[in-house]
Each structure stands twice: as structure tokens, then as C-alpha cells.
Amino acid sequence: MLVWLRLKDKAYRTGQTVYQLKHRLLSDYLIYQLKRPSLTMTLA
């Protein structure tokens with residue numbers, strides 16, 4: 001609930017919808033993880 005309220009407040013301040021803001025945040029996170037993964041994979 002608190003996360004949704006925070007997203008709603010941030011979306012209101014930036015003039016976006018919650019869904020646009022959420023999409024942008026997740027997209028930025030996924031791009032960052034593809035460039036610099038926080039977990040390393042080992043192949044067996």
C-alpha cells in the first residue's frame with residue numbers, strides 16, 4: 001500500500017500516470033541489471 005501511494009505521489013508530481021512511471025522505473029532497472037548484473041551466474 002505504501003509503495004502504491006509513493007508511486008501515485010511521484011506520478012502526480014511528474015505529470016505521468018502510475019503505469020507510465022512504473023514502466024519507466026522497471027525498464028531502467030532491467031537495463032541496468034543487463035549492463036551490470038548484481039548476481040553472477042556460474043555454469044556447471
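Computed over heavy atoms, backbone and side chain alike; hydrogens, waters and symmetry mates excluded.
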Sequence neighbours excluded, which residues qualify as side chain to side chain donor-acceptor pair (under 3.5 Å) partners of S38?
Q33

Output every pair passing salt bridge (Lys or Arg N to Asp or Glu O under 4.0 Å) with a member in residues 35-44, not counting sequence neighbours, ordered by first then second residue.
none

Non-neighbouring partners of K8 that pass side-chain contact (heavy atoms from CB on, under 4.5 Å), sequence neighbours left out
V18

Other cluster members, Y29 - Ile/Leu/Val/Met/Phe/Trp/Tyr, side-chain contacts below 4.5 Å
L30

Which atom pair, heavy atoms only, marks the closest approach of L21 to L7?
CD2-O, 3.5 Å

If hydrophobic residues (ILVMFWY) are linked whenever their side-chain heavy atoms come closer than 4.5 Å, directly or via other members, who joins Y12 in its cluster?
none

Going from NE2 on H23 to CD on Q16, what distance comes out if it is rounded to the nearest 0.5 angstrom?
10.5 Å

Salt bridge (Lys or Arg N to Asp or Glu O under 4.0 Å) partners of residues 14-31, not counting sequence neighbours, each pair once
R24-D28

Could you list the residues that satisfy side-chain contact (heavy atoms from CB on, under 4.5 Å) with T17, not counting sequence neighbours?
Y19, Q20

Looking at R13, I want to see if its CZ is surrounded by more than 12 non-hydrogen atoms of other residues, nucleotides or ligands under 6.0 Å.
yes

